[in-house]
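Everything on this sheet refers to the single structure shown next.
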Amino acid sequence: MATVNRRIVLASRPHGEPTPAHFRMEEGRVPSPRDGEILLRTRWLSLDPYMRGRMSAAKSYAEPVAIGAVMVGEVVAEVASSNNPDFAVGDLVTAFSGWQDYALSSGRGLRRVDPHLAPPTTALGILGMPGMTAYTGLLTIGDPKPGETVVVAAAAGPVGSLVGQIAKLKGARAVGIAGGPEKCAFLRQALGFDAAIDHRGDDVADALAVACPDGIDVYFENVGGAVFDAVLPLLNNFARVPVCGLVAGYNATELPPGPDRSPMLMRAILTRRLRLQGFIVSDFADQARDFARDVGGWLREGRVRYREDIVEGLEQAPEAFIGLLKGHNFGKLIVHVA
């Protein structure tokens, strides 16, 4: 077993877009587990947009990463050594042990991963936090009905792609918004979306109106910005808008230019009786078994599909994460560590 533990820590807080200089690679000794502890060896690391918020000291739903601390992140890890009778060497688990090769754990909060049921990386994507975000947000807040139109932003990502597929399973129309013709073709041809709009095009609002001739009943929001501006006029009376992310503004250092548009938004909420609800996936922790049963079953039956974008090497995590915030990834972004 290796004796060196590589750790990527937060070197400084970014003002605007993160750069590689905001991260630092450190090396230390691999820790030894005490009684009741296990040593985890990171196999795969999940990279997710929420990590940008953890780099900031601004008040949020979770504590920020401290300067000099290991960057937060969920991993699939292998038990490298164990002094805990509940875990054997070779077991695979998910853990929030962050951007590093090795970590100690008491075993509390770990989720076992069975590689015989699905590839282990799915525990970080379609069968993990992103998948549960899509499942709980869409079904609990969005509540799509047969024949309704569901629109989702970042539709080629791990959350958006499952939102659209679940909408189809529930009998709704699925319209995805994604960046670039390749992603849009993937939504239509591989995932069965009814329409896909390229948000990099010049006529996003017009294209969306054509794709949604009867308006929008559910809009799953994880981008914000100009995409939401195009969606808002098309929301029907009593439309539901689950909000799980606003990645378009994560690197913003000031409010967008132009007049204050909040009165227009508030008037739309009132007159069209819109339901906008922000949520964090942990709000629906009690639905974890339903999620695992339903999405796991759909995956085994071939009724839902997924795509992964895997980067090789822990040292590549900072650049890959910076690209994630710019939409460079295609599918669930994962770093293969070991």
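All figures in this text were calculated on a predicted structure; none of them were measured in a lab. All values below were derived from every heavy atom in this structure, side-chain atoms included, with hydrogens, water molecules and symmetry-related copies excluded.
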Using the ring of Phe186 (Phe, Tyr or Trp, six-membered ring only), decide whether Arg307 places NZ or CZ under 6.0 Å from its centre and within 45 degrees of its axis.
yes

Do Arg112 and Phe87 form a cation-pi contact, if we require the NZ or CZ to be under 6.0 Å from the six-membered ring centre and within 45 degrees of the ring's axis?
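Output yes; distance and angle both within limits.
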
side-chain hydrogen bond (donor to acceptor under 3.5 Å, both in side chains) involving Asn236 - partner list, sequence neighbours excluded:
Asp217

Is it true that Glu17 and Arg52 make a salt bridge, defined as a side-chain N closer than 4.0 Å to a carboxylate O?
no

Going by the rule salt bridge (charged side-chain N to carboxylate O under 4.0 Å, His left out), which residues pair with Arg305 if we only count those two or more places apart in sequence or in a different chain?
none

How would you list, by chain and number, every residue that makes a side chain to side chain contact (heavy atoms under 4.5 Å, CB included) with Ala205, sequence neighbours excluded?
Ala230

With sequence neighbours excluded, tell me which residues meet side chain to side chain contact (heavy atoms under 4.5 Å, CB included) with Ser105.
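Counting only residues at least two positions away or on another chain, Ser105 forms a side chain to side chain contact (heavy atoms under 4.5 Å, CB included) with Ile38, Leu40, Leu110.
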
Residue pairs involving residues 229-255 (criterion ring pair (Phe, Tyr, Trp, His ring centres under 6.0 Å); sequence neighbours excluded):
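Pairs touching residues 229-255 that pass the test: none.
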
Answer yes if the side chains of Asn84 and Ser82 hold a donor-acceptor pair under 3.5 Å, and no otherwise.
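Their side chains do not contain a donor-acceptor pair, so the 3.5 Å distance test is not met.
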
Any chance the side chains of Thr42 and Gln100 put a donor and an acceptor closer than 3.5 Å?
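The answer is no; no qualifying pair exists.
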
The ring pair (Phe, Tyr, Trp, His ring centres under 6.0 Å) partners of Phe279 (sequence neighbours excluded) come to Phe284

For a salt bridge (Lys or Arg N to Asp or Glu O under 4.0 Å) with Arg6, tell me which candidate from Glu27, Glu26, Glu315 qualifies.
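Of the listed options, the one satisfying the test is Glu315.
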
